[in-house]
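See below for the structure under consideration.
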Amino acid sequence: MAYEHQDIEAKWREQWRARGTYRVAPDPSRPKYYVLDMFPYPSGAGLHVGHPLGYIASDIVARYKRHCGFNVLHPMGYDSFGLPAEQYAIQTGQHPAKTTEENAARYRLQLDAIGFSFDWDREVRTSDPSFYKWTQWIFLQLFDSWYDAKADKARPISELLERFAIQGCSGQDASVLTGDIEQYVGGFTAAEWNAFDERTKQLVLQHFRLAYLSDAWVNWCPALGTVLANDEVKDGVSERGGHPVERKRMKQWSLRITAYAQRLLDGLDGLDWSESIKEAQRNWIGRSEGASVKFALTPNLSPEERGTRPGYLTADPEVAGKLMAHANTMRKNPAEAEDRLWQVIRGAGTGDKIRRQHIIDRFIVDFVCLPKRLVIEVDGDIHDHQKQEDAARTARLQELGFEVIRFANEEVIQDPYKVRDRIKEVLANRRNVAEDVEGSDGEWHSSPLPRRGAGGKGHSPSPSERGPGGEGTLSIEVFTTRPDTLFGVSFLTLAPEHELVGMLTTEDRRAEVEAYVEKARNRSERERQAEVDKVSGVFTGSYAKHPFTGADVPVWVGDYVLGGYGTGAVMAVPGGDQRDWRFAKHFGLPIIAVTEGADIEKEADERKDATICSEGFLKGLKVPQAITRAIEELERIGAGTGKVNFRLRDAAFGRQRYWGEPIPIYYKDDIPYPLPESALPLVLPEVDKFLPTESGEPPLARAKNWTYTPPLSPGEGPGGEGTPPSPSERGPGGEGTPLSPGEGSGVRAYPLETTTMPGWAGSSWYFLRYMDPKNAGRFAAKEAIDHWGQVDLYVGGSEHATGHLLYFRFWTKFLHDLGLVPFDEPAKKLVNQGMVQGMSMMANVLASSRNGEEHYRLLALNNKVEGAFERNYPVDHVTFRDGRYWINEEGANRTRSISAFRDYYLDAPVIELKPVVEKMSKSKYNVVNPDDIIAKYGADTLRLYEMFLGPVEQSKPWDTNGIEGTFRFLRKFWNLFYSGDGVASTHGVDRPNVSDDAPTKAELKVLHATLKKVTEDIEKMSFNTSVAQFMIAVNELGALKCGKRAVLEPLVIALAPFAPHIAEELWEKLGHSASVTTAPWPQWSAEHLVEDSFSYPISFNGKTRLQLEFPIALDPKSVEEQVLANPEVQARLEGKAPKKVIVVPKRIVNIVL
RNA sequence: GCCCGGGUGGUGGAACCGGUAGACACGAGGGACUUAAAAUCCCUUGGCCCGCAAGGGCCGUGCGGGUUCAAGUCCCGCCCCGGGCACCA
């Protein structure tokens, strides 16, 4: 009876489905084991041969563990939100849900064809509302949580509210508020907190929530109306369509993953993950230890004010730098309007003295008349997210006794004189309080909100912290890992986007600096990267004070400093840092030696084991000691602190896309409020087109009635917190007006958030949903989570090292903090499967024109005609012969049915092609689909072959040339059961002709050696070697003509994880009615493997020359004697006595001559 | 530049803790069965050299050194390939 793989596999697919063989329920009586694959995005192209590699490996482990008595959870689902479906929808108008459904159905067919043991009753799809309801729910938990640095965990906002009401907010609470940009929150007393109105409270809380709105730099493409990822931008234009792309600050939902930086780093040590993934995460988190150092400075507001320092310094000296900064960047756009206005109100334009870009408390205002306490603001055109902040500013400024008047951009540009007249009018009606202001800086400096600590330490500011420059002085804060080189500082460099650049630029340099900043700002990071060799920068004209020496240090702007890292400013030590050195060399700035033995003429000395040579208290110290000493000194004089810095940024969580989870937030007066749990899931609305609106809003803004109407219950806050802010606090021109379809009925409907979540949202927690996929009342039942616990084995590609795998850990830690899951790492063991590359066929092609039409000649491989080029040729139209690849006329005819190859013809009857290994991709015509392989050889052969190809972790080219070997193996295995003529069928089943005779010693040895090797190899996930061992077993048993049940039956079970269909069939034929998957794993025993003799390799000086067999029990001494007595050995010794004889029992004998 | 992997026959790859390098498979060559094909089975297959043969010798795991009775494996210095990060202060 022959091995008919097609019949067998079809039969068992159906049997497994009908019997529910792979359904699994929690069974507390058995140990659990959770095997998870990274779920796929169901793309339109279907599975290719590379996808199943990891799935097969994990399926083998899952099946093996089940045989070993574990309660195994092995689910599969789809990461079904995502860009390709949306792109396709934009092109074809087809709803992404429809294409996703179709693609998933195709995946399912393909996955089933490979015989995976997934429990499909547990399938999840991230785009299913019953799933994303809980993604949204978790988002709301993030929104409703803050990070308590002291307890080092996330806690509910309600606990923060309690704390604020009792003890206010000290700097400590705010110490983890890193974020993409730091915004000043400051502290407040309990009394102040209680006095804040709802709106202010909400604004303050934004700074603590783990999901929050913030400004982030994005690649904005106005033509596409969307934000592009870095790799979608090439040379400043979009990869698709070539539209211009600009760097832009946008209000974005972000997740405060930075709060978890240290824990994410520490947690890695305990994980059984590959070192490369752990290392990639460590790099990504990028912890560096060093110091934060302040360089005091005197701002250059205008030349005539230099040298004076009285009342115009209205800034809160602690924060000015940071905060206003933000405002400054925001205000960049309307620079033209501001400028126009400045021209007409400067000097005596209004009759009162107006200052420009002035800091008051924690803000920069556009213009101010200090004596009359009037602030004049010009609003930009697009910042709607800014309005809430403007409102907050206004409130704060009013508190300080300023009146704020605002003008729109257009207003100013149209008629600046009209605006000036309005200002004059207002000024005329205000009392002059000049006496109160000029000459006394105290009042305006003292903010009620203390500045929060610079580092993770958190402390209340002491007077000394204000810097050596004295009170009322601003400072530039830098982060350095080498405070020991402070004496070598010869200048400071600010990133072009640094907040203080505008303020520090002296008038005589303004044009030059602004031009530079503008240029740098519009260059993408990639462009900056491309010009690593070019040094560029510009001097601001200002100086800062060295904290130790008090020397004037010039402040430069240079784009080698990145705005997003550290403080966006560096202290330049050309003697100790090569980038600083190049900058200094280029601009002729002083280079001061900081270490002994440095040749600073040639390059900077970056050695970390050097000795400091700077004059002063660091002289003679080794670098590590000098660092410690320098930090002590900085802390003593209040010019800095030791600080840990992380490279990790907060994660952007909003996408201007349609096909993603809607963010369950609505806006009331521009303040985000969470939807109540009862309103979940917030279902993705229908839209007429999947494109941004004409005004550039995300696709969801197209939806009709995309609003939320809170239930009418008086006094109850919409998000369960506080009362709605009063309308008067809304910023001018704000479009906080609710869209209200139900306006007539008097019910207020509030606009919903229009961005959607990124692809990684659902995948950050899906492993929990598999545990209890149908639960309607909770993301997963507590009992289910307690039972299944962490993922024991997680298999997926290493390309997710710093994306998915980091967020996955972050969300787990967060859920752990809230007491929702008992563990704080999602996966104990991670294995990265390698990529299966495609074997491309490169044809040597020459384009030619015939009768005005383009034709392509396929040339001989070595024909190097001018103009010839290489082009991918479809791999499945190629024959392999004599170790080379060929196409002939017949093959070419088939290829011409592909439109891209219609006009190709061969230059010779047979053309050779060049094989090239590269990524498998549709466009390279090298995709191999598993369906064809399965049709020809069967799923079991595919499974075995993919495993046999090499270690799972390794990338390798797909080459079907070896597949025959595994197919032959299966047939040989089958034939062990049907040797001879076979046995006539009884009861409709062809009984194999296995005998019940007792196996021989040799047969038992083969069996047990195989069981041992296979068992150990599965545990090590070394599947290629287990397949090899099966082959050896079959070859040896074939030679022994073994057809004995006692040998073959255990082998069927052992093979079942690898080749489940054939195993089931043979198992049934052996007379079992239950599935082979229920059979206990066969144990090997050492007794059958005992050898009684060993064939020693006898080597001379390490070179093996002959073999001699000795009983295993023979002691080394006797072995040595017998070896030396051997005539052949004697002959080689030529009568001389060996210098030494080494006998390693059961290994080797080495004779040293 | 930095960090992680990895370089073994014509090919994919084996090799425990330093102990017979090349398991297993593909491909290639030769043979058996067969009208033929398919399928199956057997033999050879790292390179070079000596020998009619049996057999024997030398070289060989990216390169150069070293440790050791013994090195693919350990140490030092390089080269190359793959992946990740990057004017990261």
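Proteins get letters first, then strands, A, B, ... in listed order; numbering begins at 1 in each.
Base orientation of B:C17: syn (glycosidic angle within 90° of 0).
Residues A:Lys1140 and A:Asn1150 have side chains that never bring a donor and an acceptor to within less than 3.5 angstrom of each other. A donor and an acceptor atom, one from each side chain of A:Tyr560 and A:Asp580, are located under 3.5 Å apart. With 3.5 Å as the limit, one finds a donor-acceptor pair spanning the side chains of A:Ser288 and A:Tyr565. With 3.5 Å as the limit, one finds a donor-acceptor pair spanning the side chains of A:Gln1029 and A:Thr1010.
Qualifying salt bridge (Lys or Arg N to Asp or Glu O under 4.0 Å) partners for A:Glu1016, counting only residues two or more places apart in sequence or in other chains: A:Lys1012. Under the rule for a side chain to side chain donor-acceptor pair (under 3.5 Å), A:Glu953 has no partner lying at least two apart in sequence or in another chain. Residues that satisfy the ring pair (Phe, Tyr, Trp, His ring centres under 6.0 Å) test with A:Phe1100, not counting sequence neighbours, are absent from this structure.
Using a 4.0 Å heavy-atom criterion, one finds that A:Gln954 contacts the sugar-phosphate atoms exclusively. Within 4.0 Å of A:Ile1142, counting heavy atoms only, lies at least one base atom of the nucleic acid. Backbone-only contact: A:Pro951 has heavy atoms under 4.0 Å from sugar-phosphate atoms and none from a base. At a threshold of 4.0 angstrom between heavy atoms, the contacts of A:Asp580 with the nucleic acid are absent. A:Arg287 comes within contact range of no nucleotide atom at all, as no heavy-atom separation falls under 4.0 Å. Among the heavy atoms of the strands lying under 4.0 Å from A:Val1144 is at least one base atom, whether or not backbone atoms are also near.
Below 30°, between 30° and 60°, or above 60°: for A:Trp974 and A:Tyr978 the angle between ring planes is below 30°, a parallel geometry.
Note: A:Ile285 CD1 to A:Leu268 CG = 5.5 Å, rounded to the nearest 0.5 Å.
Less than 4.0 Å separates RNA chain B from at least one heavy atom of each of the following residues of residues 940-949 of chain A: A:Phe948, A:Leu949. In the region residues 798-809 of chain A, proximity to RNA chain B at under 4.0 angstrom, judged on heavy atoms, holds for none of the residues.
In the set B:U20, B:C87, B:C24, the nucleotide with an atom closest to the side chain of A:Met1031 is B:C24. In the set B:U20, B:C4, B:C87, the nucleotide with an atom closest to the side chain of A:Thr1104 is B:U20. Nearest nucleotide to the side chain of A:Lys1103, out of B:A89, B:C59, B:A86: B:C59. With B:G84, B:C87, B:A25 as the choices, the nucleotide that has an atom nearest any side-chain atom of A:Asn1035 turns out to be B:A25. Considering only side-chain atoms of A:Ala280, the nucleotide from B:G84, B:A25, B:C69 that sits closest is B:G84. Listed candidates were B:A86, B:G84, B:A23. Nearest to the side chain of A:Leu562 is B:A86. Side-chain proximity of A:Thr1025 to the nucleotides B:C87, B:A15, B:G13 is greatest for B:A15. Taking only side-chain atoms of A:Lys1140, from C-beta outward, the nucleotide of B:C87, B:C69, B:C59 with the closest atom is B:C69.
Distance A:Phe1030 CZ to B:A14 P: 17 Å, rounded to the nearest Å. If you take NZ of A:Lys608 and P of B:C2, they are 12 Å apart, rounded to a whole angstrom. Summarising the geometry, the separation between CZ on A:Arg1105 and P on B:A70 is reported as 14 Å, rounded to the nearest angstrom. The interatomic distance linking A:Lys956 (NZ) with B:G7 (C1') rounds to 17 Å, in whole Å. The interatomic distance linking A:Gln1107 (CD) with B:A21 (P) rounds to 10 Å, in whole Å. Note: OH (A:Tyr937) to C1' (B:C26) measures 12 Å, nearest angstrom. We find that CD1 of A:Ile277 is positioned 13 Å from C1' of B:C3, with the value rounded to whole Å. Computed from coordinates, the A:Ile1148 CD1 to B:G18 C1' distance equals 11 Å when rounded to whole Å.
Contact check on A:Glu606 versus A:Lys608 returns no salt bridge, with no Lys/Arg side-chain nitrogen under 4.0 Å from an Asp/Glu carboxylate oxygen.
Between A:Asn1101 and the phosphate of B:A70, there is no side-chain N or O to OP1/OP2 separation shorter than 4.0 Å. Between A:Arg649 and B:C88 there is no side-chain polar atom (N or O) within less than 4.0 angstrom of OP1 or OP2. Phosphate proximity of B:C16 to A:Arg1147: absent, as no side-chain N or O sits under 4.0 Å from OP1 or OP2.
A heavy-atom distance below 4.5 Å is not found between the side chains of A:Thr480 and A:Val570.
Checked by distance alone, A:Asn1150 brings a side-chain donor or acceptor within 3.5 Å of a matching partner on the base of B:C69.
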Polar-atom pairs under 3.5 Å, protein N or O versus N or O of nucleotides 40-46 of chain B: list them with distances, or write none.
| residue | atom | partner | partner atom | Å |
| --- | --- | --- | --- | --- |
| B:U40 | OP1 | A:Arg971 | NH2 | 2.2 |

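The shortest heavy-atom contact between A:Val561 and A:Gly568 is CG1-O, 3.6 Å.
With hydrogens and angles ignored, the 3.5 Å screen pairs no side-chain donor or acceptor of A:Ser1026 with any backbone N or O of A:Val1014.
Other residues, nucleotides and ligands contribute over 12 non-hydrogen atoms within 6.0 Å of the NZ atom of A:Lys585.
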